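Model, not experiment: these values are computed from the prediction.
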Amino acid sequence: MTELSDRYDPQEVEPHWYRVWEERGYFHADPESPKKPYCIVIPPPNVTGSLHMGHALNNTLQDILIRWKRMDGANALWMPGTDHAGIATQNVMERQLAAEGTTKAALGRDAFVQRVWRWKEEAGGTIIRQLKRLGASCDWRRERFTMDPGLSRAVREVFVRLWEEGLIYQGDYIVNWCPRCQTVLSDLEVEREERDAEFIYIKYGPLTVGTVRPETRLGDTGLAVHPKDKRYAKHVGQTLEIASVEGTIRLPVVADTAVDPKFGTGVVKVTPGHDAADFEIGRRHKLPVRTVIGFDARMTSEAGKYAGLDRFECRKRIVEEMKTLGLIERIEPYRHAVGVCYRCRTVVEPLISKQWYLRIKPLAEPAIKAVRAGKIKITPRGWSKTYYHWMENIRDWPISRQLWWGHRIPVWYCDADKSAHASRTDLDHCPRCQGPLRQETDVLDTWFSSALWPFSTLGWPDETKELRSFYPTSCLVTGFDILFFWVARMIMMGLKFMGDVPFRDVYIHALVRDAEGQKMSKSKGNVIDPLSVMDKYGTDAFRFTLAALAAQGRDIRLAEERIEGYRNFANKLWNASRFVLTNFADYDASLAKKAAPTLPDRWIQSRLARTTSTVRRALTTYRFNDAANAVYQFLWHEFCDWYLECSKLTLYRSSDPQAKALTQKTLVEVLETTLRLLHPFMPFITEELWQRVPHKGESIMLAPYPRPKRPQLDPEAERAMDLLMAVVSAIRNIRAEMRIAPGQVVTVMIKPPASLSGRLTEQIGLIAALAKAEVICDPETQRPPQSAMALVGDVEVYLPLAGIVDLEAERQRLEKEIRKLTGEIQFVDSKLARREFREKAPSEVVEREEQRARDAKAGLAKLEASLRQLSN
RNA sequence: GGACGAUUAGCUCAGCUGGUUAGAGCGCUGGCCUCACAUGCCAGAGGUCACUGGUUCAAAUCCAGUAUCGUCCACCA
């Protein structure tokens, strides 16, 4: 066996093991295995993306689950793949082209798409490599891509079936248009951003209307007021002659309940062509539509003399002209939310355009029922409410996008007989009149193919072994930001095409923020790169940090100190193993069998069993933080702090070879079990150490996940050990307080109540060793003169100080210290009392001073207690 | 405008179905290079559980209200 260094170096261990696991095929799941299936489908990252904190958290949690289930005997499949991410990818590609001084228009559609494919081949491996670096045990042999042939076939199949059922239709409606991306966006793809604007009150003949978009004045085809608004009742039904920038115009006044009489002047200008609400009002009152802003965000010919101007340029111009014409009553500053494109943050323009829609209500109803009936369990529960709310108010899904990168809509138009045909296979002539056809140029929304992911990746529409075995999948792990985009749509599509839910559980995790609670973003420059974290602290420490912070329902603030702490934990594990291994060389199993377990042996086995059941319970309920903390606490503060220290007594000082052998056996057993318990969280270090510890099997990945063994639960041993530890701590406390040198052996007298006497007397040797003391235990003992005392429950502990501590000198020292600290407190207090100090000093100085005062006060209390101890 | 969540130690947070003395990590103080680990060991200090009322034998925990912060949803021009 090669020597272990006294520090754990992740760089030496990690790359090696991942290769071994993958080469030996441990990640591969066989659909014909008799084991119980457990399946997770990965939320497919953008094929050209790279790993960020969100991915790291998401995939760490999935890997913990999948490794746990795999060890626990399940046929575990983690289905990986990537998403073509329509707009996102196309945008990046367009930027690349711009850098080369060309455009996608210059390239043409086919060349552009080919170019994206080429780039996908080059850049597509990055995120996969990074996931491997993270330790993700995906079944890479099954890796899929939303635009690969199989998945594209599934997309067509779904589209055509929906078409055949009449659920897909085409319509002219007002849509969210991104003038930068040149495509329609769904409501979900529009984000709100607070912007400062001007609220402009414009005179409309006898009326006044407030607006933030004066340029849409040109598209006005009416005015509206609330039907019950008495102020304007006389105008309803009239057509007003209004002087405006392009001369006199005529606008009818209608009454509509959508108008809020309390807002602004209570009069609304109706611009059906450029506002979703106005579009509805216009429909109700049969007002004509005037489109004055085009798809390029420039004013159209309908805008008269403003034609060709950018919409914001036009806004400025029109306000200027209105001012000179005296049409503006007043202008107020106004802060409001504008809709922006979620990809490029350009202000979205509501426009009328022809798009494809999916009738969603018939799909949504079963999806609501499935969650209500408990067929899908959403964790944390609070999210199901959000889910219901959205699903119950869902609107038809606009599924077409004016992009080139994506699944081209499988609809063909015949210009000869004006028919349209959806088809699973490409068509070249009209099935009705044999005339020539042209295919729809739009592609499908990216989320259309993602919605099929849980079954398309398993081979649908073919009836595959994979589908039979793994559908419905077990758990979906994702962030809440794509609950509507993705999760809800998978549920709808799964129920529709598989007749069953796509997954039994949905676990929704938090968002990773920076240490200040800010969302990480490139523009803020507060992004922590997961890869550099892994380089610096190791993958295991990083994964453990994420798990330990992943409390339900709360965002994660990732601070570097936290990762450092768990790096130390990995090091602790490494060194504990080093200790166990170096003391195991002369182990003799036959001797161990003859020995009776000591109190520490029984105690640590009992604690291990308890920890095991805590971890299992926590994992079952997706309480990753509880699971992580339980092992952390056990390994560091029970196994290392106490059992290892106890074991040294037997290992180094016992003359009983049987006792020594048993201790060796317990050390190895507990360590080996803990490694297995930890493996899903820290896969690399646990494999490395496990291989060096006596074990059964070829890899810890395939070893069984620990189960709590009932006979090992030993409440009696836990109680006895708790008492022992409390007594030892009490003695150490006195030693520290009385400044007794660490090496100095002292005498300690313990006076237990009769009921505990036997229990303590048995462990005198251990207490003595752990507290560096000679111990006398006697229920009849009396407190000696000049001794310090501590109370542990009913147990009294005395430590005679004569001959160990110079009482008089100590008393003087204490009194001097007390005087000094009192002065310090007064100094800080007076300083803080002065307001200018608080106001002028930097906050960290104030904090430090306050800390000093607190420390001084605490120190004072302690010293006074010590002084009292001396004067008994 | 709706809905949800948060408020616990100096900081970041656990605390599940109410039940001994409210926990952790970091930070802080004091002492230790004790033959696994100074990425460590031992000891210690530090909390009116946001506020107000209620339910209960018992409330950080349940209920109502208030305040502050945050998130999501929504066509207030």
Nearest 0.5 Å, what's the CG-CG distance between A:D586 and A:L651?
8.0 Å
CD of A:E564 versus C1' of B:rG25: gap in Å, rounded?
12 Å
Neighbour count above 12 (heavy atom, 6.0 Å) for A:R653 CZ
no
Answer yes or no: does a side-chain N or O of A:W636 lie under 4.0 Å from OP1 or OP2 of B:rA36?
no
Quote, to the nearest angstrom, the P distance that separates B:rC42 from B:rG15.
27 Å
Is the shortest side-chain N to carboxylate O distance from A:K536 to A:E564 below 4.0 Å?
no
Strictly under 3.5 Å: I want the nitrogen or oxygen pairs between protein and nucleotides 15-24 of chain B, one per line.
unit_1, atom_1, unit_2, atom_2, d
B:rG15, OP1, A:R623, NH2, 2.8

What integer number of Å spans the P atoms of B:rA36 and B:rG46?
35 Å
Would you please name every residue forming a side chain to side chain contact (heavy atoms under 4.5 Å, CB included) with A:S5, sequence neighbours left out?
A:W574
Does B:rU34 have OP1 or OP2 sitting under 4.0 Å from an N or O in the side chain of A:K648?
no
Using whole Å, what does the distance between atom P of nucleotide B:rG31 and atom CD1 of A:I740 come to?
16 Å
Using atom C1' in both nucleotides, what's the gap between B:rA22 and B:rC4 to the nearest angstrom?
27 Å
Which residue, A:R578 or A:D641, contacts RNA chain B at a nucleotide closer to its 5' end, judged by nearest heavy atom?
A:R578
Across all chains, not counting sequence neighbours, the side chain to side chain contact (heavy atoms under 4.5 Å, CB included) partners of A:Y334 are A:F199, A:V212, A:F263, A:H336
Would you mind reading off the distance between A:R735 atom CZ and B:rC41 atom P, rounded to a whole angstrom?
19 Å
For the ring pair (Phe, Tyr, Trp, His ring centres under 6.0 Å) test, which of A:Y537, A:F542, A:Y632 pairs with A:Y566?
A:Y632
Regarding B:rC4, can its base be found pairing with the side chain of A:K385 as donor and acceptor, where the two atoms are less than 3.5 Å apart?
no
Write down the distance separating the C1' atoms in B:rU66 and B:rA58, rounded off to the nearest Å.
26 Å
Which part of the nucleic acid does A:E645 contact within heavy-atom distance under 4.0 Å: base, sugar-phosphate only, or nothing?
base
B:rU8 and B:rA50, which share atom name C1', separated by this distance in whole Å:
10 Å
Could you check A:W383, A:Y387, A:W390 and say which one makes a ring pair (Phe, Tyr, Trp, His ring centres under 6.0 Å) with A:F480?
A:W383
5′-ward residue of the pair A:W642/A:E561 relative to RNA chain B
A:E561
A:I508 CD1 - B:rC4 C1' separation (whole Å)
13 Å
Within less than 4.0 Å of OP1 or OP2 of B:rA43, is there a side-chain N or O belonging to A:S729?
yes
Which part of the nucleic acid does A:R567 contact within heavy-atom distance under 4.0 Å: base, sugar-phosphate only, or nothing?
base
Does A:D278 reach a base, just sugar-phosphate, or nothing at all? Heavy atoms under 4.0 Å.
nothing
Examine the base of B:rU12 for any acceptor or donor lying under 3.5 Å from a partner atom in the side chain of A:R557, and report the outcome as yes or no.
no
To the nearest angstrom, how far is A:Q744 atom CD from B:rU34 atom P?
17 Å
With heavy-atom distances below 4.5 Å as the criterion, would you say the side chains of A:I685 and A:Y8 are in contact?
yes
Below 4.0 Å: OP1/OP2 of B:rG44 and any side-chain N or O of A:N733
yes
B:rA45 to B:rG31 separation - C1' atoms, rounded to the nearest Å
15 Å
With C1' as the reference atom in both, quote the distance from B:rC49 to B:rA24 in angstrom, rounded to an integer.
16 Å
For RNA chain B, which consecutive runs of 3 or more Watson-Crick or G-U pairs (each distance under 3.5 Å) count as stems?
B:1-7 with B:67-73, B:10-13 with B:23-26, B:28-32 with B:40-44, B:50-54 with B:62-66
Could you run through nucleotides 71-77 of chain B and give me one letter per nucleotide, 5' to 3': B if any protein heavy atom sits under 4.0 Å from the base, S if only the sugar-phosphate is that close, - if neither?
S-S-BBB
Could you check how far CG of A:L546 sits from C1' of B:rC13, rounded to whole Å?
15 Å
Are A:F579 and A:F639 close enough, and set up right, to give a ring pair (Phe, Tyr, Trp, His ring centres under 6.0 Å), and what steps lead you there?
CA-CA 12 Å; A:F579 172 84; A:F639 186 62; 8.7 Å; no
What residues form a side chain to side chain contact (heavy atoms under 4.5 Å, CB included) with A:A618, not counting sequence neighbours?
A:R623, A:D626, A:A627
What's the CZ-C1' distance between A:R739 and B:rG44, to the nearest Å?
14 Å
Give A:Y8 one of three labels, base, sugar-phosphate or nothing, depending on what nucleic acid heavy atoms sit under 4.0 Å from its own.
nothing
For the student: nearest non-hydrogen atoms of A:D220 and A:K269, plus distance:
OD1-NZ, 2.9 Å
Any A:L218 side-chain heavy atom under 4.5 Å of A:I318 side chain:
yes
Between C1' on B:rU39 and CE on A:M682, what's the gap in Å once rounded to a whole number?
12 Å
Show the nearest heavy-atom pair for residues A:D641 and A:H637, with the distance to one decimal.
OD2-ND1, 2.9 Å
Mind checking if A:R7 touches a base, just sugar-phosphate, or nothing, with heavy atoms under 4.0 Å?
base
Might you confirm whether atom NZ of A:K377 has over 12 heavy atoms from other residues, nucleotides or ligands at distances under 6.0 Å?
no
Say we look at B:rC26 and B:rA43: how far apart would their P atoms be, to the nearest angstrom?
15 Å
